[in-house]
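In what follows, every chain begins at residue 1, and chains take the letters A, B, ... in the order their sequences are listed. Here the structure is a predicted model, which is why all the values come from computation and not from measurement.
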Amino acid sequence: MTDPTPNPRGARERALALVDGCDHVETLEELTERIERGRPLRVYLGLDPTSPDLHIGHAVVLRLLQRFVDDGHDVILLIGDFTARIGDPSGRNVMRPPLSDEQIVANMQTYATQAGMVLDMSRVTLMYNSEWLSKLTFSDLYKLLSQTTVAQMLERNDFKERYETGTPIALHEFIYPVAVAYDSVAMHVDVEVGGSDQLFNLLISRPYQVHAGQEPEICITVPLLVGIDGRKKMSKSTGNHIALTDPPNDMFGKTMRIPDEVLPEYARLAVCWPSSRVEALASGLKNGTVSPMDEKKRIAEDLVALYHGRDAARAARDRFERTIQRGEIPAEMPELPLAGRNKLVDLIVAAGFAESKRAAARLVGEGGVRIDGTVVTDPAARWTAAGPAVLQVGSRKFARIIP
RNA sequence: GGGUCGGUGGUCGAGUGGUUAAUGGCACCGGGCUGUAAACCCGGCUCGCGAAGGCGAUACGCAGGUUCAAAUCCUGCCCGGCCCA
């Protein structure tokens, strides 16, 4: 993969194409200059395996990496198995508890396979930062830490905010950006990419590299995708994410729940509509000439198509229109054997539609439960259907109960 | 190390000895209106048992104590903010 792909285009043009749609490039001139040399660049993205799933927000930066792959560069996906143990404080106002080794190992595996849904992993090198970080001695760390001042650290927005509001900042949190900077030194990279919340962590690498006698890396950040709540950045822990592995119907349904205001963002970042189309959408929404719901369905369908294929996308749309918009009972749903149970609440819990029997009883009392389309409001109800019947909770949870 | 203030449910934040799992906001869930959007309205939001009225368990940093009764008082411990060193 180190064969330089002959590329007739000019370096400037290539650089511009690579960073199209990105938030911040530090700096475009350096990128252009380095491409000009003709050597494939070492480009990397660091991901801390802190959650079992990647989501469509991660896909934005993974696509940027794929652009580098396509442009003939050496792309590294760095799994932050060591830094995951420290915890990145970015964007958080509380300390995050360190993960257990088992969780980290499990997450690393899913990250690598899930990244493959966007990235051509056969042309990407996987690396793990424990390889060098775990070998640093205390005196190595001392030397590294002496290169950054507390004032520089406090410049970072979330540190400043936490400091000013009296939210605890543990000393080890300051080490995270240093560790990430050392990754860049250890791998001797040319380019680092990340989400815009990582800009500080990326930039801090540059002086470290210079100190180590290397050229500073070019830092490129991509916009963060907002979560389906339309407010906070997408993350698993906030529960506002669409996972890459979400089944088609969930992916479609979650997309339909996003607020209208963020449709252009989703069109651009989640489904990569060309900017002309995104602009048309934005202005059409503003002056009321396009139907938000129709556009939302298009985006939802495109999103599903991206990860599950066009057929699945059409099926998801069809299912949505039938069951949600027209209130029909879906053709396919999970089956649940009665298995001797006869209390309605037990079945709701067994189907996974409620966390406890009391919660199930509340749902029933609230009129949120139907059997074969008929609302049941008695929390003490017992199952009386002789044949298979459809249990429905809320508008979108269905199970076929088999006697 | 000294002083001082504080640690309440997913989150923020009331409550400072006495019906009641504990006011309120946010988040979340169900229902209504809708476009599984927004706004708005209603209800819910610890768990288990019981056909039901109900019963029981657990919960306000942790552990003890005082009291008929404690989130609320006392002691010790743990954790944090601020000030001083």
Span that lies between the C1' atom of G32(B) and that of U23(B), in whole angstrom: 27 Å

Touch class at under 4.0 angstrom, heavy-atom based, for Leu363(A) against every strand present: sugar-phosphate

Whole angstrom value for the distance that separates C1' of U34(B) from CD1 of Ile324(A): 14 Å

Thr125(A) and Tyr44(A) side chains, donor-acceptor separation under 3.5 Å: no

Rounded distance in Å between the P positions of C40(B) and C45(B): 22 Å

Spacing of the C1' atoms in G7(B) and A63(B) (rounded, Å): 16 Å

Separation of the P atoms in A59(B) and C47(B), to the nearest angstrom: 15 Å

G48(B) base / Arg358(A) side chain donor-acceptor hit below 3.5 Å: yes

Among C82(B), G50(B), A37(B), the nucleotide that comes nearest once only the side chain of Lys343(A) is considered: G50(B)

Any side-chain heavy-atom pair of Arg63(A) and Cys272(A) under 4.5 Å: yes

Pairwise P distance for A70(B) and U19(B), with rounding to whole Å: 13 Å

Nearest-Å distance once atom C1' is located in both U16(B) and A71(B): 9 Å

Phosphate-side-chain proximity, Ser395(A) and G30(B), N/O vs OP1/OP2 below 4.0 Å: no

Pairwise C1' distance for C42(B) and C33(B), with rounding to whole Å: 12 Å

Touch class at under 4.0 angstrom, heavy-atom based, for Arg231(A) against every strand present: sugar-phosphate

Touch class at under 4.0 angstrom, heavy-atom based, for Arg257(A) against every strand present: base

Earlier contact from the 5' end, RNA chain B, for Met256(A) and Asp378(A): Met256(A)

Under 3.5 Å donor-acceptor pair, Asp260(A) side-chain atoms to G35(B) base atoms: yes

Sugar-phosphate only, base, or nothing, as touched by Pro292(A) at under 4.0 Å among non-hydrogen atoms: base

Close side-chain approach of Val364(A) and Ile348(A), heavy atoms under 4.5 Å: yes

Distance, rounded to the nearest Å, where Arg396(A) contributes CZ and G35(B) contributes C1': 15 Å

Lys/Arg N to Asp/Glu carboxylate O, Glu279(A) vs Arg268(A), below 4.0 Å: no

Cation-aromatic face contact Arg162(A)/Phe159(A), 6.0 Å, 45 degrees: no

Sugar-phosphate, base or nothing in reach of Lys254(A), heavy atoms under 4.0 Å: nothing

Rounded distance (Å) that lies between atom C1' of U36(B) and atom CD of Gln392(A): 13 Å

Any Arg317(A) side-chain heavy atom under 4.5 Å of Val304(A) side chain: no

Touch class at under 4.0 angstrom, heavy-atom based, for Gly394(A) against every strand present: sugar-phosphate

Sugar-phosphate only, base, or nothing, as touched by Lys297(A) at under 4.0 Å among non-hydrogen atoms: nothing

Asn240(A) CG to A27(B) P, straight-line distance once rounded to whole Å: 13 Å

Presence of donor-acceptor pair under 3.5 Å, side chain of Glu366(A) and base of G43(B): yes

Atom P, compared across C62(B) and U72(B): separation rounded to whole Å: 11 Å

Gln325(A) vs G35(B): side-chain N/O to OP1/OP2 distance below 4.0 Å: no

Nucleotide paired to C73(B) in any strand shown, Watson-Crick or G-U, under 3.5 Å: G65(B)

Rounded interatomic separation in angstrom, taking NZ from Lys397(A) and C1' from U36(B): 12 Å

Pair Lys297(A) + Glu321(A): basic N to acidic O under 4.0 Å: yes

Touch class at under 4.0 angstrom, heavy-atom based, for Leu263(A) against every strand present: nothing

d(CD, Glu265(A); C1', A37(B)) in whole Å: 15 Å

Under 3.5 Å on both distances, the Watson-Crick or G-U partner of U4(B): G81(B)

Sugar-phosphate, base or nothing in reach of Glu261(A), heavy atoms under 4.0 Å: nothing

Length of the CG-P vector between Asp229(A) and A39(B), whole Å: 12 Å

Residue Lys357(A), side-chain atoms from C-beta onward, closest of G35(B), G48(B), C29(B): G48(B)

